[in-house]
Amino acid sequence: MIVYHLIAITLAILIDSIIGDPPSWPHPVKWMGSGISRMEKKWNRGKSRKLKGIIMVLMMITVNFFITFLLVWGFYHIHVIAGILLESILISTTIARKGLKDAALEVYVPLKMGNFKEARLKLSYIVGRDTETLGEEEMVRGTVETVAENISDGVTAPLFWALIGGAPLALVYRAINTCDSMVGYKNEKYGEFGWASAKLDDVVNWIPSRLTGFLILIAHQPAHMKVTKAWEILFRDSRKHPSPNSGWLEASVAALLGVQLGGINYYKGVISNRAKMGEPIIPLHKDHIIETNKILTRTTIVFLVVLWIGGGVIELTATWF
């Protein structure tokens with residue numbers, strides 16, 4: 001079965017590269033978001049919010065797993081090719097390399113033209129921070145940080161789980177990640193209800209984020225420092241991030257570009273001083289958005305190669321035992 005998953009993963013990357021996520025098309029994440037929103041409105045009140053949040057995320061996992069499993073099982077029983085094709089389509093809905101790249105370019109193009117108002121608007125679509133008064137360097141930072149941290153969330157993590165359990169586990173990953181993105185905030189409204197979603201998201205991203213951070217440095221040559229220095233930055237700065245996983249992506253990208261990420265952000269007027277990643281060898285420039293997109297693409301390809309190698313090793317080990 002692993003070889004079937006690998007073929008489906010490869011096709012999924014191709015599908016995402018060609019089609020992406022057309023806004024008008026039906027999409028599992030939209031259905032997940034609708035279900036999460038309904039449960040949040042109904043249950044995120046009164047007593048036992050933490051328990052209700054646990055039940056919510058477990059329901060999302062269970063429903064997505066069994067629906068996907070039954071669909072895939074049925075298609076494989078029709079024919080192997082039918083099963084692989086269905087898995088490839090389903091897995092493609094859990095990744096967003098093209099969407100992430102395009103969103104970054106939508107900030108880059110107006111920046112290049114000097115249209116800061118349009119660039120700030122486009123940036124506001126992909127970040128939670130206030131963008132109304134940001135200058136060019138801060139807009140570049142926001143874009144680079146978003147692409148960097150989503151290399152794992154949006155691409156490699158769902159592919160990692162797809163290798164282990166095919167489309168069902170890829171959809172389970174996306175369900176957990178969607179729960180976290182909607183309710184996994186440490187604030188008064190979601191602190192208890194989103195607790196389980198945030199913790200589970202940390203768990204399912206733990207291995208993929210670190211593996212991806214390593215592969216980013218393995219697959220690229222740092223532009224302004226020695227390789228050993230880049231690895232030093234990765235291990236030094238990755239643990240500074242509020243997220244136990246995102247720092248591995250931001251620190252590795254910062255090291256490659258020779259820039260410093262992190263710093264002061266504002267969220268609805270409230271200041272947030274984020275730990276700094278990397279060293280400011282050169283100032284952030286709009287072309288760093290293009291460079292980060294290239295890192296995203298190459299890392300996706302390298303990760304796919306690693307999955308094929310890992311899958312081959314697993315298959316050989318299984319035959320021996």
Side-chain angles (χ1 to χ4, degrees), residues 15-27 29-30 33 37 92-93 95-155 177-178 180-182 185 216 223 241-243 246 249-250 252-254 256-274 276-278 280-300:
I15 292 169
D16 175 69
S17 296
I18 297 169
I19 299 174
D21 295 321
S24 60
W25 288 22
H27 198 287
V29 174
K30 294 179 182 178
S37 179
S92 74
T93 67
I95 61 178
R97 189 200 66 83
K98 185 178 187 299
L100 188 58
K101 176 184 175 182
D102 290 347
L105 288 176
E106 287 190 358
V107 179
Y108 171 78
V109 171
L111 266 182
K112 187 177 181 180
M113 298 173 63
N115 188 345
F116 282 20
K117 182 178 180 180
E118 180 70 11
R120 292 184 187 110
L121 176 64
K122 296 297 185 181
L123 178 61
S124 71
Y125 296 161
I126 60 173
V127 299
R129 71 195 67 175
D130 301 341
T131 64
E132 293 84 358
T133 61
L134 296 183
E136 178 177 331
E137 188 169 335
E138 285 299 298
M139 283 189 277
V140 171
R141 178 168 72 87
T143 308
V144 169
E145 288 173 354
T146 299
V147 174
E149 68 182 31
N150 280 288
I151 295 175
S152 179
D153 284 12
V155 184
N177 188 251
T178 304
D180 177 61
S181 66
M182 293 183 68
Y185 301 102
I216 287 172
H241 199 280
S243 163
S246 296
L249 293 313
E250 289 191 24
S252 59
V253 170
L256 278 185
L257 298 178
V259 301
Q260 190 169 75
L261 302 177
I264 294 175
N265 299 330
Y266 288 89
Y267 297 88
K268 296 182 179 179
V270 179
I271 191 171
S272 174
N273 195 352
R274 295 294 180 92
K276 293 180 179 179
M277 307 276 175
I281 298 173
I282 61 172
L284 281 159
H285 185 269
K286 55 182 173 289
D287 288 339
H288 284 128
I289 296 174
I290 301 299
E291 292 302 313
T292 308
N293 273 348
K294 290 178 181 178
I295 293 170
L296 165 66
T297 298
R298 180 177 291 185
T299 303
T300 302

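Quick caveat, the model's predicted, so the values are computed rather than measured.
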Would you give the length of the straight line joining atom [atom1] of [X] to atom [atom2] of [Y], rounded to the nearest 0.5 angstrom?
X	Y	atom1	atom2	value
D153	D180	CG	CG	8.0 Å
I295	I151	CD1	CD1	6.5 Å
E132	R120	CD	CZ	9.0 Å

(request) Could I get the full list of side-chain hydrogen bond (donor to acceptor under 3.5 Å, both in side chains) partners for H27, not counting sequence neighbours? (result) D21
(request) Check whether any side-chain heavy atom of L261 sits under 4.5 Å from a side-chain heavy atom of L284, and report yes or no. (result)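 Yes. Closest side-chain heavy atoms under 4.5 Å.
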(message) Counting only heavy atoms from other residues, nucleotides and ligands, does the tally under 6.0 Å from NZ of K30 exceed 12?
(response) yes
Would you give me the side-chain donor-acceptor pairs under 3.5 Å for residues 266-274, sequence neighbours excluded?
residue : atom : partner : partner atom : Å
Y267    : OH   : N265    : ND2          : 3.4
S272    : OG   : R274    : NE           : 3.4

The criterion is side chain to side chain contact (heavy atoms under 4.5 Å, CB included); which residues satisfy it with [X], sequence neighbours excluded?
X	result
T300	I13, R97, V155, L296
S246	E149, H241, S243
V127	L123, R129, T131, T146
P22	I19, W25

(request) Under the side chain to side chain contact (heavy atoms under 4.5 Å, CB included) rule, what do T292 and T143 come out as? Steps first, then yes or no, please. (result) CA-CA 9 Å; T292 308; T143 308; over 6 Å; no
(message) Run T93 and V29 through side chain to side chain contact (heavy atoms under 4.5 Å, CB included) and show every step you take.
(response) CA-CA 8 Å; T93 67; V29 174; over 6 Å; no
(request) Could you pull out all residues at least two apart from R141 that satisfy salt bridge (charged side-chain N to carboxylate O under 4.0 Å, His left out)? (result)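 With sequence neighbours excluded, R141 shows a salt bridge (charged side-chain N to carboxylate O under 4.0 Å, His left out) to E138, E145, given in chain and number order.
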(request) Name all residues meeting the salt bridge (charged side-chain N to carboxylate O under 4.0 Å, His left out) criterion together with K294; count only those two or more places apart in sequence or in a different chain, and write none if there are none. (result) E291
(message) For A254 versus M277, what's the shortest heavy-atom pair and its separation?
(response) CB-O, 3.6 Å
(message) What verdict does the side chain to side chain contact (heavy atoms under 4.5 Å, CB included) test give for L249 and N150, after you've listed the backbone C-alpha separation in whole Å, the side-chain angles of each residue and the deciding distance to 0.1 Å?
(response) CA-CA 8 Å; L249 293 313; N150 280 288; over 6 Å; no
Name each donor-acceptor pair under 3.5 Å that joins a side chain in residues 99-115 to protein atoms two or more places apart or in another chain, with its distance.
residue : atom : partner : partner atom : Å
D102    : OD2  : K98     : NZ           : 2.8
Y108    : OH   : D287    : OD1          : 3.4
N115    : OD1  : E118    : N            : 3.1

